[in-house]
Colleague: 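Here it is: the structure, laid out below.
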Amino acid sequence: MSGSAAKDRRRKKASPHRAAAQKTAAAPAPAQVTPASGLGDRVSWWALLAMVFVVPLATSNFTILGFEHSFTNDVFEIVKVSVLRILTCVAVGAWAWNLLRKGGRIRHTPIDWLILAFVIWVAISTATSVHWPTALLGKPSRYEGLLTFVNYAVLYFLVLQLADRSSRVRSLARSLFWSSVVVAVFGLLQYLGVQHPGWVPLGFEPNRAFSTYGNPNFLGGFLIFSVTVALGLALLERRRVWRLLYWAGFGLNGLALIATFTRGAWIGGFVSLVLLSVIAWRQRPAMQRIDWIPAGASLAVGLGIIIRSLSSSSEVLNFARRIGSIFQFSSGSGQSRMEIWRSAFAAIADRPILGSGPDTFRLVFHRFKTAEYVRIKGGSSGADNAHNYLLHLASGVGFPGLLLFAAVFVWAAVRSFTTIFKRSDDPFRLMLGAFWAASAGYLIHLFFGLSLPGTSFLVWTALAIVLVPTARSIGVKAARWGTVAGLAVIVIVAAGVAYQGVVLAADHSYSKSQTASLAGERTQEALRATELNPLNADYRQGLGLAYLAEMRAYLQAGAEAQQKGEDTTPYEKQVVRSFLEAKSALEKAIDFTPPEYDNYVILASLYNLAGEAMDADLYQDAIQVAERGLQIMPLGTSIRVQLAHSLVATGRMPEAVEALEYCVQIDPTGGEAAAYLAGIYQQQGDPDKALELLRSVEALAPGQPGIADAIRELEAGGGAPIQSR
């Protein structure tokens, strides 16, 4: 009897938890506060839901629908950032309008002050940066400057105010889920080889999933969030059909995560799922038999992808080799990453307090690039991020900024830890735990990668979600001047929305300049892009390149006219005009962004071309520009090739040979410098030395343009290796 009674007591003790586990998803979150009501509140909330759904899908590449070109030059991130900022503006405007006119409650936590301190520090770093426009807006195609950090803080504040009940947190999770299903399916189709001409992978291996993020690494970061939240929804859902749907979505996201072949995302995803498993064990959700069918199917297909990859000869697409390479720092991507980290440490040591400015790593990397990095990656290779977000952030905003950033998330993790991990009769804790675990996994992923607004907005959203239960609130009364203040806010946010339209229009013009078939059309569109968005350094450089291309086109047309015996005077005038326009545009680009190395290379090549076609005195200008470029990047090889060309043209052959031999020494794979140097060797009567040099380059980096042809011609005893300008 005593044993039976003890069992009955255990059943009674467990029954409240079982009953709670079977509640609907509408179970309220802890520390609920009555929300402000009104149309403004609802519009603000709808904007947040739309943001979570649309941002991951946002892209300007609609070639799959029959369009010839993408709408913008930056196909992915600029569109995601614009959608993020537009919807943030809408949400802020609607929320502020409601609060100022009707009053309400404002939730707050002590962490809010830490976030404010971090944003203020980023603003100070921006004001003292090596290039304030980049620090303000972020590097093009990355965009994590001051404006984005302000956006993160505002988004956090809005979610803290509006995600005030379990139903709303569930809605956010569902928005993310349905968006992720589309993203994951598209990525899996790419993995299976279903490629559209407008969606070919650039810069990475075919069959790696990149979906609407344009890069497997960026997609992997997003999938850490989506796969974890999908599992949380599946475990929390009571209705069978919906539970199966969530399990299916979890499987699709997990398979897409594997198909990215991104190590940092694998590690982050694994950690987040382990953490969610621990949270689920603590909360003891009621498991159902149907769970094992989709879970088992996902596991089987995932193992199939992994086993299939083992037969691949690719170091990247072979799962075992990819995992093994995580701990290899003496070769491959691990070795180059170590060299980038060394450069990052040097940049941090140079400006340890305020940093060089947020998202300016590319500009300082020029100066701190190591010789070993050049040997591994080539003289023309650069890094626009530190491939470790903590180092990237420290180099941008200094150690104080890094400590403030770390303190925000560490304090939030500690403050919400009890809410997430303490055993509770509230099954909704599992949903909060999914956002908590996803954030932890994503932050771990950032140790190996970089942060982009199109994904990182989710970690700031999750930050607010897990803090809502511990937030306090204060009442705010409607002000007499509330309508006037509300209108002022509406005007400001409308200006913000309009500005993003201008940003997209500028990038559209820049895209047209890159695809234009006529030189005049290219310069027109590049000029329009610069006028619409003068703070974008890439557009200024693009304008100079457009005029340079125009000059080359007129030189060719003049040469063809001369061969036909026609008057070349009109072409000569156009060549001079194009040269002057290109010179002016590139000098302005250098004045606008002094640390940008590429501008010096382009300007030096312009002077060399003009020296050959117009006036030999311009070679001296090329030499001066090249010397300035070497101050920006001491290990620059492209600028040395331009320097060598002008030195040869001015009769300073020994100095030219010295410059080119230095290029070959630090970058043995550099075909441009090697081909030019081999040509000089041959002219000096030493074809054997030229042939030896070219064979060495071809052996180390086969397939570079012109090298194999030059080798064949030398072996045949005639011809000359290609020369570079």
Colleague: What residues form a side chain to side chain donor-acceptor pair (under 3.5 Å) with Tyr143, not counting sequence neighbours?
Modeller: Asp74
Colleague: How long is the span from the CD atom in Glu550 to the CD atom in Glu521, to the nearest 0.5 Å?
Modeller: 12.0 Å
Colleague: Is it true that atom CD of Glu566 has more than 12 heavy atoms of other residues, nucleotides or ligands lying nearer than 6.0 Å?
Modeller: yes
Colleague: Step by step, would you call Val641 with Thr637 a side-chain contact (heavy atoms from CB on, under 4.5 Å)?
Modeller: CA-CA 6 Å; Val641 171; Thr637 55; 5.6 Å; no
Colleague: Has Thr360 got a side-chain atom pairing as donor or acceptor with Ser356's backbone, closer than 3.5 angstrom?
Modeller: yes
Colleague: Can you give me the closest heavy-atom contact between Ala604 and Ala622, atom names plus distance?
Modeller: O-CB, 3.8 Å
Colleague: Do any N or O atoms from the side chain of Asp667 and from the backbone of Gly379 form a donor-acceptor pair under 3.5 angstrom?
Modeller: yes
Colleague: According to the interplanar angle, ranging from 0 to 90°, do the rings of Phe579 and Tyr607 count as parallel (below 30°), tilted (30 to 60°) or perpendicular (above 60°)?
Modeller: perpendicular
Colleague: Any chance you could measure Ser605, atom OG, to Gln642, atom CD, to the nearest 0.5 Å?
Modeller: 5.0 Å
Colleague: Specify whether Phe210 and Phe204 have parallel, tilted or perpendicular ring planes, treating 30° as the upper limit for parallel and 60° as the lower limit for perpendicular.
Modeller: perpendicular
Colleague: Show your working on side-chain hydrogen bond (donor to acceptor under 3.5 Å, both in side chains) between Thr134 and His131 and close with a plain yes or no.
Modeller: CA-CA 6 Å; Thr134 298; His131 188 238; 2.8 Å; yes
Colleague: What pairs meet the salt bridge (Lys or Arg N to Asp or Glu O under 4.0 Å) rule with one or both residues in residues 352-365, with sequence neighbours excluded?
Modeller: Arg362-Glu596, Arg362-Asp598
Colleague: Check salt bridge (Lys or Arg N to Asp or Glu O under 4.0 Å) between Glu77 and all other residues, then give those that pass, not counting sequence neighbours.
Modeller: none
Colleague: Side chains of Leu535 and Trp132: does their closest heavy-atom pair fall under 4.5 Å?
Modeller: yes
Colleague: Does Lys564 come within less than 4.0 Å of Glu560, counting only side-chain N to carboxylate O?
Modeller: no
Colleague: Hey, what do you get for CG (Leu586) to CG (Leu548), rounding to the nearest 0.5 Å?
Modeller: 7.5 Å
Colleague: Please name all residues satisfying salt bridge (Lys or Arg N to Asp or Glu O under 4.0 Å) with Glu692, sequence neighbours left out, ordered by chain then number.
Modeller: none
Colleague: In terms of heavy-atom contacts, does NZ of Lys512 have more than 12 from other residues, nucleotides or ligands at under 6.0 Å?
Modeller: no
Colleague: Mind checking the CD-CD1 spacing from Gln631 to Ile639? Nearest 0.5 Å is all I need.
Modeller: 11.0 Å
Colleague: Verify, without hydrogens or angle tests, whether Ser82 (side chain) and Ile78 (backbone) share a donor-acceptor contact under 3.5 angstrom.
Modeller: yes
Colleague: If only side-chain N and O atoms count, and only distance matters, is there a donor-acceptor pair under 3.5 Å linking Arg85 with Thr148?
Modeller: yes
Colleague: Side-chain contact, heavy-atom cut-off 4.5 Å: Val79 with Thr59?
Modeller: no
Colleague: Quick one: do Asn536 and Asp538 satisfy side-chain hydrogen bond (donor to acceptor under 3.5 Å, both in side chains)? Show the steps, please.
Modeller: CA-CA 6 Å; Asn536 189 309; Asp538 282 3; 5.6 Å; no
Colleague: Are the aromatic ring centres of Phe361 and Phe368 under 6.0 angstrom apart?
Modeller: no
Colleague: Are side-chain N/O atoms of Gln562 and Thr568 paired as donor and acceptor at under 3.5 Å?
Modeller: no
Colleague: Around atom CD of Glu205, are there more than 12 heavy atoms from other residues, nucleotides or ligands closer than 6.0 Å?
Modeller: yes
Colleague: Give a yes or no answer on whether the side chain of Trp121 reaches the backbone of Val397 with a donor-acceptor pair at less than 3.5 Å.
Modeller: yes
Colleague: Can you find a side-chain donor-acceptor pair between Ser511 and Thr72 that sits under 3.5 Å?
Modeller: no
Colleague: Please test Leu390 against Leu446 for side-chain contact (heavy atoms from CB on, under 4.5 Å), starting from the C-alpha separation and ending with a verdict.
Modeller: CA-CA 8 Å; Leu390 297 184; Leu446 292 183; over 6 Å; no
Colleague: Can you see which heavy atom on Thr455 is nearest to which on Tyr213, and at what distance?
Modeller: OG1-CE2, 3.1 Å
Colleague: Please report the interatomic distance CG(Asp507) to OG(Ser141), rounded to the nearest 0.5 Å.
Modeller: 10.0 Å
Colleague: Heavy atoms only: give me the nearest Ser381-Tyr373 pair and the separation to one decimal.
Modeller: OG-OH, 2.9 Å
Colleague: Taking the side chain as every heavy atom from C-beta outward, state whether Phe592 and Pro133 have any atom pair closer than 4.5 Å.
Modeller: yes
Colleague: Any donor and acceptor pair, going by atom type alone, linking the side chain of Thr523 with main-chain N or O of Gly520 inside 3.5 Å?
Modeller: yes
Colleague: Do the side chain of Arg337 and the main chain of Phe448 share a donor and acceptor less than 3.5 angstrom apart?
Modeller: yes
Colleague: Got a donor-acceptor contact below 3.5 angstrom from the His508 side chain to the Phe71 backbone?
Modeller: yes
Colleague: Work out which heavy atom in Leu137 is nearest to a heavy atom in Tyr499; give both atom names and the distance.
Modeller: CD2-OH, 3.9 Å
Colleague: Between Thr128 (side chain only) and Ser125 (backbone N and O only), is there a donor and an acceptor less than 3.5 Å apart?
Modeller: yes
Colleague: Is it the case that atom CZ in Arg528 sees more than 12 heavy atoms from other parts of the structure closer than 6.0 Å?
Modeller: no
Colleague: With ring centroids as reference points, do Tyr152 and Phe149 lie under 6.0 angstrom apart?
Modeller: yes
Colleague: Whether Asp350 and Arg367 form a salt bridge (side-chain N of Lys/Arg under 4.0 Å from carboxylate O of Asp/Glu) is what I want to check.
Modeller: yes
Colleague: Taking all atoms of both residues into account, what is the closest heavy-atom pair of Pro668 and Leu700, and its distance?
Modeller: CB-CD1, 3.6 Å
Colleague: side-chain contact (heavy atoms from CB on, under 4.5 Å), that's the test. Do Thr669 and Val697 meet it? Break it down for me.
Modeller: CA-CA 5 Å; Thr669 64; Val697 172; 5.6 Å; no
Colleague: Write out all pairs satisfying salt bridge (Lys or Arg N to Asp or Glu O under 4.0 Å) with one or both partners inside residues 646-662, taking only residues at least two apart or from two chains.
Modeller: Arg652-Glu655
Colleague: How far apart are the C-alpha atoms of Glu525 and Ser513, what are their side-chain angles, what is the distance that settles it, and do they pass the side-chain hydrogen bond (donor to acceptor under 3.5 Å, both in side chains) test?
Modeller: CA-CA 5 Å; Glu525 293 296 343; Ser513 77; over 6 Å; no
Colleague: Using the ring centroid of each side chain, check whether Phe447 and Tyr389 are separated by less than 6.0 Å.
Modeller: no
Colleague: So, the side chain of Asn61 versus the backbone of Thr63: is there a donor-acceptor pair under 3.5 Å, distance only?
Modeller: yes
Colleague: Please report the shortest heavy-atom distance between Trp341 and Asn388, naming the atom on each side.
Modeller: NE1-CB, 3.5 Å
Colleague: Go through the steps for Met551 and Leu609 under the test side-chain contact (heavy atoms from CB on, under 4.5 Å), then give the verdict.
Modeller: CA-CA 9 Å; Met551 179 181 171; Leu609 180 62; 4.1 Å; yes
Colleague: Please list all pairs passing the side-chain hydrogen bond (donor to acceptor under 3.5 Å, both in side chains) test where one or both residues lie in residues 615-629, with sequence neighbours left out.
Modeller: none
Colleague: Are Glu372 and Arg375 within salt-bridge range, i.e. N to O under 4.0 Å?
Modeller: yes
Colleague: Would one find more than 12 heavy atoms of other residues, nucleotides or ligands at under 6.0 Å from atom CZ of Phe345?
Modeller: no
Colleague: Say you draw a straight line from CD1 of Ile590 to CD of Gln541; how long is it, rounded to the nearest 0.5 Å?
Modeller: 10.0 Å
